[in-house]
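Inspection log for the structure reproduced underneath, given as structure tokens.
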Amino acid sequence: MKNLQLSYPIIVELGAVKDTKLKLIKVIAQLISKKYTTQKKAANALKIDQPKVSQINRSKIEGFSLEPV
């Protein structure tokens with residue numbers, strides 16, 4: 001998967017954080033479904049565990065942060 005680098009800052013108002021996380025999770029889920037045939041393959045490629053991929057696919061935003069790591 002190619003790295004996505006933005007050339008501009010993203011500004012999120014505090015009240016919109018939950019909506020922003022949900023929108024991002026949905027975009028990520030779409031990309032995963034297009035690129036990987038199984039959750040296990042996606043998890044290996046993304047270096048996360050399979051249950052996290054499942055959470056993404058079900059649009060569960062708990063446990064995900066917008067903070068840089």
Side-chain angles (χ1 to χ4, degrees):
M1 182 178 267
K2 291 183 179 180
N3 289 335
L4 175 65
Q5 293 184 350
L6 301 175
S7 59
Y8 54 90
I10 295 176
I11 300 172
V12 178
E13 294 180 25
L14 290 178
V17 170
K18 188 173 182 178
D19 290 336
T20 301
K21 284 173 71 172
L22 185 57
K23 287 176 188 176
L24 287 171
I25 288 289
K26 287 181 178 186
V27 168
I28 293 166
Q30 288 175 344
L31 293 171
I32 287 172
S33 68
K34 286 181 182 180
K35 175 112 177 141
Y36 303 104
T37 55
T38 67
Q39 289 184 359
K40 186 172 183 169
K41 288 180 182 178
N44 287 336
L46 299 171
K47 296 183 172 90
I48 59 176
D49 58 15
Q50 182 275 325
K52 278 286 190 196
V53 176
S54 179
Q55 285 182 312
I56 292 168
N57 288 338
R58 291 183 287 127
S59 298
K60 300 288 183 183
I61 61 173
E62 295 82 18
F64 295 97
S65 173
L66 296 176
E67 297 296 318
V69 288

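Keep in mind it's a predicted model, so treat the numbers as computed, not measured.
For Thr38, the side chain to side chain donor-acceptor pair (under 3.5 Å) test picks out no residue, with sequence neighbours left out.
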- [ ] Would you please test Asn57 and Ser33 for side chain to side chain contact (heavy atoms under 4.5 Å, CB included) and show each step?
- [x] CA-CA 8 Å; Asn57 288 338; Ser33 68; 5.6 Å; no

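The shortest non-hydrogen separation linking Ile25 to Ile56 is CG2-O, 3.4 Å. Scanning all heavy atoms of the two residues, the minimum distance from Ile61 to Lys18 falls at CD1-CG, 3.5 Å.
Atom NZ of Lys26 is separated from atom CD1 of Ile28 by 13.0 Å, given to the nearest 0.5 angstrom.
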Pairs of donor and acceptor atoms involving the side chains of residues 44-55, under 3.5 Å and at least two apart or interchain, shall be tabulated with distances.
from: Asn44; atom 1: ND2; to: Lys40; atom 2: O; distance (Å): 3.4
from: Asp49; atom 1: OD1; to: Lys52; atom 2: N; distance (Å): 3.2
from: Gln50; atom 1: NE2; to: Gln39; atom 2: OE1; distance (Å): 2.2
from: Lys52; atom 1: NZ; to: Gly63; atom 2: O; distance (Å): 3.3
from: Ser54; atom 1: OG; to: Arg58; atom 2: NE; distance (Å): 3.3

